[in-house]
There are 2 protein chains.
Amino acid sequence: MQAPKLSIKPTNCHDCRMSALCLPLAMEYGDLDRLDKVIQRTKPLHKNQSVFYAGDSFSSVYAIRSGSIKAYCVSDDGTEQVTGFYLPGEIFGWDGIADETHKNTAVALETTAVCEIPFNKFEELSASIPTLQRHFMQLMAREITSDQQLITLLGKNSAEERIASLLMSISGRLGRRKLSPTRFRLPMSRADIGNYLGLTVETVSRVFSRFQASGYIKCDKKEVEILNLSGLSNLVQTCAEA
Amino acid sequence: MQAPKLSIKPTNCHDCRMSALCLPLAMEYGDLDRLDKVIQRTKPLHKNQSVFYAGDSFSSVYAIRSGSIKAYCVSDDGTEQVTGFYLPGEIFGWDGIADETHKNTAVALETTAVCEIPFNKFEELSASIPTLQRHFMQLMAREITSDQQLITLLGKNSAEERIASLLMSISGRLGRRKLSPTRFRLPMSRADIGNYLGLTVETVSRVFSRFQASGYIKCDKKEVEILNLSGLSNLVQTCAEA
DNA sequence: TCATCTCCATGATGTAGATCAATTCTCTGT
DNA sequence: ACAGAGAATTGATCTACATCATGGAGATGA
């Protein structure tokens, strides 16, 4: 008797619902095939497992198929700094390109499936597929501009503005991959949010309560429903987009 | 009678003292020649002149030959956020790669000479010179990690730690290009520093006074001398380098 | 050379958010 | 099913830095 086959999840780039996000839109069909051959799919990580650690030598970047990742680095004195949260369809790991060493540790916030893209193979490929090279640089540049927005947020904005901004960011990113932009589960803890936004847990918690009292959101622990999207977005000050 | 020739400043990459910083170290001599042909040298900007404005369509990145540049973006409500200071040998302008539009305005803080590197030509070139492509990505990745360090600084550190960190950063960057790491002229105003570090002018000014009183530095307006480099660096908390 | 402007310094006061503390709720593992 | 640890909420107090206000020192320009 045959062992029953497990139901198969998407195992190539063509079938992956994320490809429009994490892959060059302009790539030819044949090109996608070549990229597909290079990508390694690892078995899902469970919560708190790491993809790589700060100090690891850099060899790959990673795309998220499902789940979520927190990136953080550790100071000399042992304090952590969360540098980013990554959601499905997003790419992380380029903090290692500068000097071949990861600056961050990347850890799964929940059960998470990632695609590994070996960087040397990727470089070979992108020499012959110009759109791939450009797309990759655009993704890096997007990381730069989003980091710079965070800098503005931390330098100039109040606790309420910072948290409203994070909620809007997550909402927008989920919306872009066709998930509900108004009902979602926050994968990270209040402590992680506070760490990321330069606030204490207590302040984060109070702001969530205040937002709930003002009718902006309804939330039960990590489950969030945004009731007043435009009201929330009015709280946010973004660098003017052109 | 011939018009007298002006004394010529370095006008190619071979002669430029900055090349070790802004160009791939591993590039072959012939490759450098090809890059050299692509780079445009414009006449020096004077103080307060802009290289590009937020909203401008992106076509080039820029390297600084001499002088200094401040990058900033403007929020909806008109407030500025300084996102970076760039010194000789450093490259700026990739904030435009993501969607072909600059997010920042770049302005000269003093008389400044820049090299313009047209991005499309650069892309062609880097397809055939693999080290160039990699080096460029490394420079972008370095921007990412330095932005992330600033994020940590803004999220976790006190006014004194932030300013100490900026002074150390400038000192290190000047040192790397063989200028004095302990005596230099800050090209930016106290207001710019405050804006960059999420502090008010008054706080910046007070911290400078306190640093002077504690014997860390001696300073007269923008002229700074670091008297106790190790003391200052003890104030700084950096993400652990691997 | 005088008037205006910008930059910097320093003092007095106010406040957002940190810190400290206590309680409840929710997972985790045995 | 229970013990213990971690996550979240809420309150009371404290403090680093913002804000407001003033004066001086260099630049800039008619």
Side-chain angles (χ1 to χ4, degrees), chain A residues 46-49 70 79-82 85 107-111 152-167 185-214 217-224 235 237, chain B residues 46-49 70 79-82 107 109-111 152-167 185-214 217-224 235 237:
Chain A
H46 37 257
K47 188 171 171 174
N48 294 327
Q49 274 193 314
K70 167 180 86 169
T79 59
E80 286 185 12
Q81 169 66 46
V82 175
F85 301 112
V107 64
L109 289 168
E110 59 197 310
T111 303
T152 306
L153 207 63
L154 295 179
K156 305 254 180 309
N157 294 31
S158 68
E160 298 204 348
E161 290 166 331
R162 294 183 207 186
I163 290 177
S165 174
L166 178 64
L167 288 173
R185 187 187 146 79
L186 291 172
M188 71 295 279
S189 70
R190 301 282 193 270
D192 285 335
I193 294 176
N195 188 308
Y196 180 64
L197 296 175
L199 302 168
T200 56
V201 205
E202 295 94 324
T203 302
V204 174
S205 182
R206 277 184 249 269
V207 171
F208 270 92
S209 302
R210 241 179 289 156
F211 278 177
Q212 206 162 198
S214 332
I217 63 172
K218 195 154 83 70
C219 81
D220 175 46
K221 298 224 36 163
K222 305 197 164 174
E223 220 64 50
V224 174
L235 289 180
Q237 310 286 348
Chain B
H46 36 257
K47 190 174 171 171
N48 293 328
Q49 274 193 312
K70 165 179 88 168
T79 58
E80 286 185 12
Q81 169 67 45
V82 175
V107 65
L109 289 169
E110 58 196 312
T111 303
T152 306
L153 208 62
L154 295 178
K156 305 252 179 310
N157 293 34
S158 68
E160 298 202 350
E161 288 166 332
R162 294 183 206 186
I163 291 176
S165 175
L166 178 65
L167 289 172
R185 186 186 147 79
L186 292 172
M188 72 294 281
S189 69
R190 301 283 192 269
D192 285 335
I193 294 176
N195 187 309
Y196 179 64
L197 296 177
L199 302 168
T200 56
V201 206
E202 294 94 325
T203 302
V204 175
S205 182
R206 277 185 250 268
V207 171
F208 269 93
S209 302
R210 242 178 290 155
F211 277 177
Q212 206 161 199
S214 331
I217 63 172
K218 194 155 82 73
C219 80
D220 175 46
K221 299 223 33 153
K222 306 197 164 176
E223 221 62 53
V224 174
L235 289 181
Q237 309 289 346

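Lettering follows sequence order; numbering is per chain, from 1.
The distance from atom CG of B:N48 to atom C1' of C:dC7 is 13 Å, rounded to the nearest whole Å. Per the geometry, CG belonging to A:N195 stands 17 Å off C1' belonging to D:dA8, to the nearest Å. Atom CG in A:D220 sits about 8 Å away from atom P in C:dT26, given to the nearest Å. In this structure, the CZ atom of B:R190 is 12 Å from the P atom of C:dC7, given to the nearest Å. Atom pair A:D192:CG and D:dG6:P shows a separation of 15 Å (rounding to whole Å applied). Taking atom CD of residue A:E110 and atom P of nucleotide D:dA7, one finds them 16 Å apart after rounding to whole Å. Atom CZ of A:R185 and atom C1' of D:dA7 are 12 Å apart (whole Å). Put simply, CG on B:L186 is 10 Å from P on C:dC8, counting in whole angstrom units.
A distance-only check finds no donor-acceptor pair linking the side chain of A:E223 to the backbone of A:D220 [under 3.5 Å].
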Check your understanding: Where do B:V224 and B:R185 land on the side-chain contact (heavy atoms from CB on, under 4.5 Å) test, with the steps shown first?
Key -> CA-CA 6 Å; B:V224 174; B:R185 186 186 147 79; over 6 Å; no
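Summarising the geometry, atom CG belonging to B:N157 is positioned 8.0 Å from atom OG1 belonging to A:T79; distances are rounded to the nearest 0.5 Å. Considering OG1 of A:T203 and CD1 of A:I163, their distance stands at 8.0 Å, rounded to 0.5 Å. Separation of atoms CD1 (B:I193) and CG (B:L167) is listed at 7.0 Å; rounding is to 0.5 Å. The CZ atom of A:R206 sits 13.5 Å away from the CZ atom of A:R190 when rounded to the nearest 0.5 Å.
The side-chain heavy atoms of B:Y196 and B:R162, taken from C-beta on, include no pair separated by under 4.5 Å. Here the side chains of A:K47 and A:T111 are not in contact, with every heavy-atom distance at 4.5 Å or above. No side-chain heavy atom of A:V204 sits less than 4.5 Å from a side-chain heavy atom of A:L197. Side-chain contact between B:M188 and B:K70 is absent, with no heavy-atom pair separated by less than 4.5 Å. Between B:F208 and B:C219 there is a side-chain heavy-atom pair separated by less than 4.5 Å.
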Distances under 3.5 Å between protein N/O atoms and the N/O atoms of nucleotides 10-17 of chain C, please, pair by pair.
| from | atom 1 | to | atom 2 | distance (Å) |
| --- | --- | --- | --- | --- |
| C:dT10 | OP2 | B:S209 | OG | 2.6 |
| C:dG11 | N7 | B:R206 | NH1 | 2.9 |
| C:dG11 | O6 | B:R206 | NH2 | 3.2 |
| C:dG17 | OP1 | A:A159 | N | 2.7 |

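Across its full length, the helix from C:dT1-D:dA30 to C:dT30-D:dA1 shows an angle of 60° between the axes of its 5 terminal pairs at either end, rounded to 10 degrees.
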Check your understanding: Reading nucleotides 23-28 of chain D 5' to 3', which nucleotides get B (base under 4.0 Å from a protein heavy atom), which S (sugar-phosphate only), which -?
Key -> ------
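Nucleic acid contact class of B:K222 (heavy atoms, under 4.0 Å, all strands): sugar-phosphate only.
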